[in-house]
Amino acid sequence: MLSIRELYIHYITDEGIVKAVNGVSFDVQEGETVGLVGETGAGKTTTALGVMRLVPNPPGRIISGDILLNGESLLGLTEAQMRKIRGEKIAMIFQDPMTSLNPVLTVGDQIAEVVRFHNKKTSRADAFKKAAEMLGTVGIDPDRMDEYPHQFSGGMKQRVGIAIALTCNPGLLIADEPTTALDVTIQAQVLNLMVKLKKEFNTSMLLITHDLGVVADVCDKVAIMYAGEIVEFGAVPDVYRNTGHPYTIGLFGSIPDVKKKVKRLSPIQGLMPDPVDLPAGCSFEPRCQVATAECKTLKPRVGEISPGHMVKCTHHWREANHGHSS
Amino acid sequence: MDTLLDVKNLKKFFKTPGGMLHAVDGLTFNIDRGKTLGIVGESGCGKSTLGRTVIGLLSKSGGDVFFEGRNIKTLTKDESLELRKKMQMIFQDPFSSLNPRMTVSESIAEGLIAHNICKNGIELNRQVSNLMDTVGLASRFALSYPHELDGGRRQRIGIARALALNPKFIVCDEPVSALDVSIQAQILNLLQDLQEEKGLTYMFITHNLSVVKHISTEIMVMYLGRLVEKSPSDELFEHTLHPYTQALLSAIPTVNLDGKKERIILQGEIFSPINPNPGCRFAARCVYSREKCREIDPEINEVTPGHFVACHFMEEINGIHVK
């Protein structure tokens, strides 16, 4: 479905080159949901914007690599061709439903706009009929079609965002922190809806989040991102039960789990490196508990520790698991 | 037990064009010395208002707050000045709660200067550097401005400010919500260490249920200004009795792949707290609600020692019998 190959995206600023995405490669298969997890500044959103070819330029630029959608490279397309892809083949749900909708258009207008953009022959009446149908699909009373975004609550606005994204039945849905701004009970409603619609519309999904709990609920595979690189990738049970990378281990240690009692959390010490000035060797080396001298200079390779479970660490998983796995 | 803070029937209403907004509507609870009470609820349930009202940043509309056995209302001016040193607050957003034109050390020193704690500049400097040390801020940041620091460090400044006057009680209003998980864990550990070291009492306001379970001795769940359930932390997660708490707990995404339970999906969203109807505030979203729920306010019952629930049909829902 989607295949990202050795993607590099940099922002060229006066203060230096911000290396946001550094050699990211992964695939999203047909019908699959892949979670992209990382902390603020890890490059998750830049990767997503890269796929949509929406990286603001300047200062952002896709330096090298390739993005293939069903085998076709997106980077070679003209802007006009790309506009047909967006919404029709790949659609995006944004993090903040409060700012991603147009405040001066009714929600009906905003959905109908998508319908008519991608199918110029559609009559106004048909477009609005489709808009009403989409609102019904996401659980909003179609009678509210003539209301403006500010008349909706956060959860409802996010439903409108989902309706807009699914209108043209895209093959791939990119959801950028779709539930981060919502309360847990509303988050549960929205996630439920997304999973249901994903099945109904038979779309693949790339879900960007910082919440490993959401990934466990929704995703088939997970990619852990750190300082612009994928440090671990694999099926959710593999990554969660047989965690390979020291950073991922640190992430799990940082989360209080309601089902387990721990006296103290074991967080990762220190901070993420400045993307303007990344370490020469492994970018996680300064914070890593198991780093050795060679990590300072050697860029880690990606190794497969079990089928489909990739870890980017020089020491791979034996040492990373403190030596007690064989 | 030694009660530090005792809150009786506390109310805070706001006048709005649409009517009276019942942000906090008759809450009664207490916190023991050295313990942490977690306050949980969704946006708009009144948890931040509660924190601000307890500490006196907002005037109350009704009810009483007792601190160390004395009603705050009856204190003289000098006494209430003393009291302010004992009650402090850590704010949610370390980006907007610090004065951008003050350096780190100026920010931390502000309270010390206002209360005339230090005799001279040398002592003040020593105090500030001690505080920075306590919260894990390197002394090289003393002359930095907040915008030069990341969220985690800024929150450490907020904590140092709260600690400056050697308080007994700290209201933590979503202190880790704006932070990434690895930084969040560092701050939570810091707060726990400080509590042990200084015997602090916390009121910990958050919407993050995993965090609240981790840090609290007791948890109070709020819905639209009312208490729905209050219990010792472990008990709440083991024997969840109120239908709202049950839905709330089942909605937490957990990283634990084993034993995933069926999720209760609540219909609808939280209602407006303006001129609320009588009866249970949760009735409109509750799967068990009946006529009685929409007419009569549920009483707060103590089911087992320390476990309070406000629900008419709690016994029936959970198949238990309470004498």
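Values below: every heavy atom of this structure, side chains too, minus hydrogens, waters and symmetry copies.
- Among A:D211, A:N192, A:L191, A:L251, the residue making the largest number of heavy-atom pairs under 4.5 Å with chain B is A:N192.
- A distance-only check finds no donor-acceptor pair linking the side chain of A:Q189 to the backbone of B:I265 [under 3.5 Å].
- Proximity to chain A involves both the backbone and the side chain of B:L209, based on heavy atoms less than 4.5 angstrom apart.
- Looking at B:R153 and A:L271, their side chains come closer than 4.5 Å, going by heavy atoms from C-beta outward.
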(request) Check the pair B:D193, A:R264 against side chain to side chain contact (heavy atoms under 4.5 Å, CB included), reporting the backbone distance first and the verdict last. (result) CA-CA 9 Å; B:D193 291 344; A:R264 264 181 81 84; 2.5 Å; yes

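- In this structure, the portions of A:M156 lying under 4.5 Å from any heavy atom of chain B include both its backbone and its side chain.
- Here A:I186 is the residue among A:L212, A:I186, A:V218, A:L182 with the most heavy-atom pairs under 4.5 Å with chain B.
- In this structure, no portion of B:N208 lies under 4.5 Å from any heavy atom of chain A.
- Using a 4.5 Å heavy-atom cutoff, the side chains of B:E42 and A:T185 are in contact.
- Between B:V255 and A:Y240, the closest heavy-atom pair is O-CD2, 3.3 Å.
- Looking at A:I255, only its side chain comes within 4.5 Å of chain B, counting heavy atoms on both sides.
- For chain B, the nearby parts of A:V236 are the backbone and the side chain; heavy atoms of each come within less than 4.5 Å.
- For a residue to count as touching a neighbouring chain, one of its non-hydrogen atoms must lie under 4.5 Å from one of that chain's; by this rule B:N189 touches chain A with backbone and side chain alike.
- Put simply, CE on A:M272 and CG on B:D180 are 6.5 Å apart, with the number rounded to the nearest 0.5 Å.
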(request) Apply side chain to side chain contact (heavy atoms under 4.5 Å, CB included) to B:S182 and A:R287, showing your working. (result) CA-CA 11 Å; B:S182 71; A:R287 301 174 76 183; 3.4 Å; yes

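- Contacts of B:L266 with chain A are made by both backbone and side-chain atoms, with heavy-atom separations under 4.5 Å.
- Interface remark: of the candidates B:D234, B:L179, B:I252, B:D234 forms the most heavy-atom pairs closer than 4.5 Å to chain A.
- Comparing B:G151, B:S210, B:G44, B:G41 by how many heavy-atom pairs each has under 4.5 Å with chain A, the most go to B:S210.
- B:T254 is not listed as a side-chain neighbour of A:D217, based on a closest heavy-atom distance of 4.5 Å or more.
- Across A:G253, A:S153, A:G270, A:P267, the residue that shares the most heavy-atom pairs under 4.5 angstrom with chain B is A:P267.
- Counting heavy atoms from C-beta on, the side chains of A:S254 and B:Q184 never come closer than 4.5 Å.
- Within the 4.5 Å cutoff, the side chain of B:Q192 has no heavy atoms near those of the A:L265 side chain.
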